[in-house]
Amino acid sequence: MARSFPVQRTCPFAPPDEYRAFREEAPLVRASLPGGEVWLVTRHDEAQQVLRGGAISTNPATPGHPNNALHAEPRSPEEMEALRKFSVGQFIDLDPPEHTRFRKLLISEFSVRRVRDMRPGIQEAVDGMIDAMLAKGPPADLVEDFGLAVPSLVICQLLGVPYEDREFFQSRTRALLSGEGFQAAFEIRQYLDDLFTRDPGDDLIGRLYKGGQLSHDEIVGTAFLLLVAGHETTANMIPLGVLSMLRHPGQLARLRENPDGWPLAVEELLRYHSIVDWVAFDRVAIEDQEIGGQHVKQGEGIYVLGASANRDERAFDRPDELDVERGARNHVAFGYGVHQCLGQNLARAELEIAYRTLFERIPGLRVPQADEELSFKYDSAIFGLNALPVTF
């Protein structure tokens, strides 16, 4: 029998309650969406198998792609054409070799060496935001004053987007992720189109123009993807991680004694929260195959439940507990395989520097409200906090 899907989180520190039952039932379970049925991948090994690629497509234009099942009514040819035009340059939705063409051009911009060179700039951005909070004095909103501010500044500098325009693209991104349609996304893309038509500068986007291997529309689409993904995910993880550490004072104390432990803590926080769950892990089988003992037919849609895979008892001991010394680098919070998040090294650096510096410089930081009094993004495609009032 097909399970009802999507399901919603009801706890800030756990995925939907149904995920445990899904995992116990089978590595793949059948789910019913408004426009059809799909497979849900519930366990860690099978999640990696699907995300690894092979006879699996991520392209929404592939027949049977699960995003079509999200809609009660089939999309019209006009809608499909509009989506096709909009998706130009968004390589996350492309299969090899087209995906590989984009990734090869960008991989050096996000390498370990490149991110290491960026760390002083990230540190400067973090210190500047903390300086501003301290100068203003408590209370502060750690979402607006810190969580959003730091990654927005970093990605703006990387892409060549004016930081003073952050309120525009942040508001449109929130609308897009809250399911308010594509209008907000088209507005961001039009903004980037206009910006880079006028002045491609000495930055990542400027280097893509100079390379001459991508068209203008492809560069705009790439910038759209990097801008939205490059600030929204990290912006949500920073406040969630801070709240989690304040709710686990013993573990925070150990990190204060040993700041070298922050990289491992970041991996655990990524696993524990899994803020990008199934929406980024949409796939379709392009040939018949076996996954987790289940025969999956060509054209059947698949959603990998990242938050379920990251709580799989077969892969992680005591998966529902936060353990900053776990060393959980085998999580799938960044995906896996050929589509693993391009910006993962940058995100790790931003999170590590943000957490470590914040707790070093504001040792008296606290959240005066109880968890049930806080506002969480239960209705958003990327989980997080709407606000996090703090005092110090």
Side-chain angles (χ1 to χ4, degrees), residues 6 8 33-36 58-62 65-94 102 143-144 147-149 151-152 155-156 159-199 205 214-236 275-282 301 303 343 375-387:
Q8 194 173 72
L33 276 71
T58 189
N59 193 328
T62 305
H65 192 276
N67 281 3
N68 296 323
L70 280 176
H71 303 275
E73 298 295 331
R75 288 194 172 108
S76 68
E78 292 77 15
E79 287 177 314
M80 292 300 293
E81 177 62 14
L83 288 172
R84 186 195 66 78
K85 290 182 178 178
F86 178 77
S87 66
V88 172
Q90 295 193 47
F91 57 92
I92 193 174
D93 287 334
L94 298 176
F102 283 86
V143 171
E144 189 69 29
L148 265 173
S152 294
I155 198 66
C156 283
L159 296 179
V161 173
Y163 181 61
E164 56 267 26
D165 293 342
R166 64 191 181 280
E167 290 187 8
F168 167 80
F169 64 75
Q170 287 171 358
S171 66
R172 301 312 189 272
T173 300
R174 283 195 295 270
L176 173 64
L177 296 175
S178 297
E180 296 181 17
F182 284 94
Q183 182 59 37
F186 279 106
E187 289 178 10
I188 297 175
R189 185 171 180 122
Q190 187 60 55
Y191 161 80
L192 294 171
D193 194 339
D194 294 341
L195 175 67
F196 296 129
T197 297
R198 292 195 313 268
D199 183 29
I205 297 302
L214 297 179
S215 70
H216 172 79
D217 286 346
E218 287 175 329
I219 292 174
V220 170
T222 298
F224 172 91
L225 177 62
L226 295 177
L227 178 65
V228 172
H231 85 271
E232 186 67 24
T233 48
T234 309
N236 282 290
I275 61 171
V276 180
D277 185 4
W278 54 274
V279 290
F281 304 139
D282 45 343
Y303 277 124
S375 176
F376 292 92
K377 298 179 181 179
Y378 291 118
D379 59 347
S380 177
I382 298 178
F383 185 65
L385 283 146
N386 290 305

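- Using cut-offs of 30° and 60° on the angle between ring planes, the pair W278 and Y303 is perpendicular.
- Both tests do not hold together for R189 against F186: distance to the six-membered ring centre under 6.0 Å, angle to the ring axis within 45°.
- In this structure, CD on Q170 lies 9.0 Å from CG on L227, to the nearest 0.5 angstrom.
- Here F196 contributes atom CZ and T222 contributes atom OG1; the two are 10.5 Å apart, rounded to the nearest 0.5 Å.
- Of all heavy-atom pairs spanning G301 and P66, the tightest one is CA-CD, 3.9 Å.
- Here D165 contributes atom CG and C156 contributes atom SG; the two are 8.0 Å apart, rounded to the nearest 0.5 Å.
- Although no hydrogens or angles enter the test, the distance criterion places a donor-acceptor pair under 3.5 Å between the side chain of Q8 and the main chain of Y378.
- Here the CG atom belonging to D282 is positioned 4.5 Å from the CG atom belonging to N67, to the nearest 0.5 angstrom.
- In summary, of the residues considered (D193, I219, L192), a side chain to side chain contact (heavy atoms under 4.5 Å, CB included) with F224 occurs for L192 alone.
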### Task
Evaluate the criterion side chain to side chain contact (heavy atoms under 4.5 Å, CB included) for residue pair V143 and N386; output intermediate values, then yes/no.
CA-CA 7 Å; V143 171; N386 290 305; over 6 Å; no
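- Looking at residues two or more places apart in sequence or on another chain, you find a side-chain contact (heavy atoms from CB on, under 4.5 Å) between S215 and D217, E218.
- Put simply, the side chain of V161 does not reach to within 4.5 Å of the side chain of I155, judged on heavy atoms.
- Atom CD of E167 is surrounded by 12 or fewer heavy atoms from other residues, nucleotides or ligands within 6.0 Å.
- The minimum heavy-atom distance between P151 and G147, with the atom names listed, is CD-O, 2.9 Å.
- Considering every non-hydrogen atom in both N236 and L385, the closest pair reads OD1-N, 4.0 Å.
- Using bins of under 30°, 30° to 60° and over 60° for the plane-to-plane angle, the ring pair F102/F91 lands in the parallel bin.
- With hydrogens and angles disregarded, no donor-acceptor distance shorter than 3.5 Å links the side chain of H231 to the backbone of L148.
- Pairing each heavy atom of A223 with each of I205, the nearest pair is CB-CD1, 3.7 Å.
- Between F169 and Y191, the distance from one ring center to the other does not fall under 6.0 angstrom.
- Note that CD of Q190 is 11.5 Å distant from CG of L195, once rounded to the nearest 0.5 Å.
- In this structure, the salt bridge (Lys or Arg N to Asp or Glu O under 4.0 Å) partners of R172, at least two apart in sequence or on a different chain, are E187.
- Nearest heavy-atom pair across T233 and A229 is OG1-O, 2.7 Å.
- For the atom pair I275 CD1 and T234 OG1, the distance stands at 7.5 Å (nearest 0.5 Å).
- Under the side chain to side chain donor-acceptor pair (under 3.5 Å) criterion, S171 pairs with no residue, sequence neighbours left out.
- Scanning all heavy atoms of the two residues, the minimum distance from N68 to P60 falls at ND2-O, 4.2 Å.
- Counting only heavy atoms from C-beta outward, the side chains of N59 and H65 never approach each other to under 4.5 Å.
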